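Computed from a prediction, not measured in an experiment: that's the story for all the values here. All residue numbers in this chain count up from 1 along the given sequence. All ligand and atom numbering here is 1-based and tracks the order in the structure.
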Amino acid sequence: MKPIKVGLLGIGTVGSGTFNVLKRNQEEITRRAGRRIEITMVADLNTARAKELTNGECEVVSDANMVVNNPEIDIVIELIGGYGIAKDLVMKAIANGKHVVTANKALLATHGNEIFKAAQDKGVMVAFEAAVAGGIPIIKALREGLTANRIQWIAGIINGTTNFILSEMRDKGLDFDVVLKEAQRLGYAEADPTFDIEGVDAAHKATIMSAIAFGLPVQFDKAHVEGITKLQATDIRYAEQLGYRIKLLGIARRTPNGIELRVHPTLIPAKRLIANVEGAMNAVLVQGDAVGATLYYGKGAGSEPTASAVIADLVDITRLATADPEHRVPHLAFQPDAMVDTPILPMSEVTTSYYLRMRVADQPGVLADVTRILADSSISIDAMLQKEPDEGETRTDIIMLTHQTQEKNIVSAIAKIEALSTVVGEVTKIRLEQLS
Ligand code: NDP
Ligand code: HSE
């Protein structure tokens, strides 16, 4: 059979990994795909670097439109990133009847509905395994491997940069900025690293997973997003003393009232496997009603780990390119006419447990006042830590772990606690998940 021809848009970190792995493992990949997969055209703004990387083995152009408009190209791989030119090119490729592979979670989380609709109408595939958790085949697992299940919840460490930062800060006592620079040097961080540290990248990925898990349209605008920039080393230490680790988790959970879709720093019991995922590694825990809990672990970023997922998509498309479009795996796992419109819950309606830290005057009655406020809001306390004040200090820290309550209850209780004359400054609140 004649080779399938691929056009690559963007030969940066992931693009170069894709080119190299495809070349290195060409024979093995061909045996799996049933025909050769050849990158015949590459577009990149830096044509000199692109020519050097591709060593004269394919045509290199600076205008990506030449690739998406080339009738010889069967599959377009979009590895430019962002929602501007990347969206334009993906839509043009689809309109020109080309299948698309992309690692661009930002694009799919915000414009996925429009892109999948266009692809469905045109009978082409849009594959995006690399968009969530890099090299871990989590899209395949959710969409195909777990298809028998009613998925109950997903909780994932799905941003390598922030996990790397949290691990290095805890283990080596390094400063936030130093570790962020290292993550950028290693190619983990997004072009705009605020997407990583403010939780936006993890929320893009959680949004995509929630759509596939529950059969919903992608709804990034409804996700609750909090990053790690406000997290203090003190809280990481206190959490450890209470037997917990703090991780930036992406959570999608089905509840009777709607879907929880949220990203925030989260305390997890230190004994859970996922709490021990360190460095730039990613892990996704999925709870299905039939299978129970399954855990997927691996490299969530980097050149060749991400290329592994991009090439898996190329092989899938190559195998299915000649199949009747009606018989392919649906983009979002559920048939397009069987999607549901279950609401995404506002954060105030989410139910979870909490870690609270407050600085208080070291005098009788303070603790009683705080616990009374919590009791009046029907919030019960699971564990507590009261520090001895330092020598000559008249204030101390109280740390509490609560049982589950709705976010709106804890928010109103915290407002009352902060109004006490014996409480200094703001109460720190971090959500806690048992993940059991
Ligand atoms: P890079 O910035 O390393 O690569 C992007 C490449 O695209 C660069 O070579 C850039 O050229 C080129 N480019 C920019 N604009 C254009 C254009 N208009 N036409 C042609 N080429 C263009 O990004 P990554 O490889 O890290 O990321 C690519 C995608 O993969 C993103 O969507 C990212 O979110 C996603 N991703 C990345 C992972 C990672 O580990 N890095 C992991 C998972 C997903 P120049 O440098 O000259 O601007
Ligand atoms: N910036 C992302 C991360 C790349 O750090 O996980 C992988 O999507």
Side-chain angles (χ1 to χ4, degrees), residues 7-19 41-54 60-68 76-90 92 100-110 128-136 138-139 156-167 179-180 182-206 208 227-228 248 250 263 277 279-284 298-310 313:
L8 173 59
L9 313 182
I11 188 159
T13 304
V14 183
S16 59
T18 301
F19 190 87
M41 204 170 179
V42 171
D44 198 284
L45 296 181
N46 188 339
T47 48
R49 193 191 53 201
K51 279 183 183 152
E52 196 180 316
L53 286 167
T54 54
V60 172
V61 295
S62 61
D63 180 5
N65 286 294
M66 289 174 70
V67 178
V68 298
V76 167
I77 312 179
E78 183 279 304
L79 295 174
I80 291 175
Y83 344 76
I85 180 83
K87 182 185 174 206
D88 233 45
L89 292 165
V90 164
K92 275 187 195 156
V100 172
V101 175
T102 180
N104 193 337
K105 54 265 167 166
L107 176 64
L108 294 180
T110 48
F128 51 93
E129 184 62 69
V132 181
I136 306 175
I138 187 64
I139 298 298
I157 295 172
I158 43 181
N159 183 268
T161 303
T162 45
N163 204 49
F164 182 70
I165 292 173
L166 292 176
S167 302
V179 192
L180 173 60
E182 180 64 0
Q184 287 175 297
R185 192 186 65 78
L186 292 166
Y188 305 145
E190 293 304 301
D192 177 358
T194 54
F195 270 34
D196 295 299
I197 59 181
E198 295 298 357
V200 177
D201 176 71
H204 287 148
K205 295 166 182 167
I208 296 170
I228 60 165
L248 184 73
V263 169
V277 171
M281 302 306 276
N282 280 198
V284 184
K299 289 190 176 153
S303 182
E304 292 206 355
T306 312
S308 163
V310 170
D313 281 344

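Taking every non-hydrogen atom of Glu190 and a distance limit under 4.0 Å, the qualifying atoms of ligand 1 come out as 33 (C), 34 (O). Residue-ligand proximity, Asn46 to ligand 1, at heavy-atom distances under 4.0 Å covers atoms 47 (O). For ligand 1, the atoms sitting less than 4.0 Å from at least one non-hydrogen atom of Ala130 are 43 (C), 44 (C), numbered in the order shown with element in parentheses. The contact set between ligand 1 and Asn104, taken as ligand atoms under 4.0 Å from a residue heavy atom, comprises 32 (O). Of all atoms in ligand 1, listed by their number and element, those nearer than 4.0 Å to a heavy atom of Ala301 are 40 (O).
Counting heavy atoms under 4.0 Å from ligand 1, residue Ala86 does not touch it at all. By the criterion of a heavy-atom distance under 4.0 Å, both the backbone and the side chain of Asp44 are placed next to ligand 1.
Of all the heavy atoms in Ile197 and Thr162, the pair that sits closest is CA-CG2, 3.8 Å.
Closest to atom 43 (C) of ligand 1, if we only count protein heavy atoms, is Thr306 CG2, 3.4 Å. For atom 41 (N) of ligand 1, the closest non-hydrogen atom on the protein side is Gly187 O, 3.2 Å. Looking from atom 26 (O) of ligand 1 to the surrounding protein, the closest heavy atom is Thr13 CB, 3.6 Å. Counting protein heavy atoms only, atom 16 (C) of ligand 1 is closest to Leu45 CG, 3.5 Å. Scanning the protein for heavy atoms near atom 5 (C) of ligand 1, the closest one is Leu79 O, 3.4 Å. The nearest protein atom to atom 44 (C) of ligand 1, hydrogens excluded, is given as Lys105 NZ, 3.3 Å; this is a heavy-atom distance. Closest to atom 32 (O) of ligand 1 among all protein heavy atoms lies Gly81 CA, 3.2 Å. Distance from atom 7 (O) of ligand 1 to its nearest protein heavy atom, with residue and atom name: Gly10 CA, 3.4 Å.
Taking Ser62 as the reference, Thr47 meet the side-chain contact (heavy atoms from CB on, under 4.5 Å) condition, with sequence neighbours excluded.
Close to ligand 1: Gly302, with a non-hydrogen atom less than 4.0 angstrom away. Within the structure, ligand 1 has Ile80 among the residues with a heavy atom less than 4.0 angstrom away. Ligand 1 lies out of reach of Glu78, whose nearest heavy atom is not under 4.0 Å from it. Distances shorter than 4.0 angstrom occur between a heavy atom of Ala43 and an atom of ligand 1.
Backbone and side-chain nitrogen or oxygen atoms of Gly82 are examined, and none is located within less than 3.5 angstrom of a nitrogen or oxygen of ligand 1. Geometrically, ligand 1 and Val14 share a nitrogen or oxygen pair separated by less than 3.5 Å. Inclusion of Arg49 in the set of residues having an N or O under 3.5 Å from an N or O of ligand 1 is warranted.
Annotation: side chain of Glu129 is in contact with side chain of Ile138 (closest heavy-atom distance under 4.5 Å). Counting heavy atoms from C-beta outward, Asp201 and Lys105 have side chains that approach closer than 4.5 Å. Between Val76 and Leu89 the shortest side-chain heavy-atom distance does not fall below 4.5 Å.
Protein heavy atoms are found inside the 4.0 Å sphere centred on atom 3 (O) of ligand 1. Less than 4.0 angstrom separates atom 34 (O) of ligand 1 from at least one non-hydrogen atom of the protein.
For the pair Glu182 and Arg185, the salt-bridge criterion is met [side-chain N within less than 4.0 Å of a carboxylate O].
Every protein residue with a heavy atom nearer than 4.0 Å to ligand 2 is included here: Lys105, Asn159, Gly160, Thr161, Tyr188, Ala189, Glu190, Asp196, Asp201, Lys205, Gly300, Ala301.
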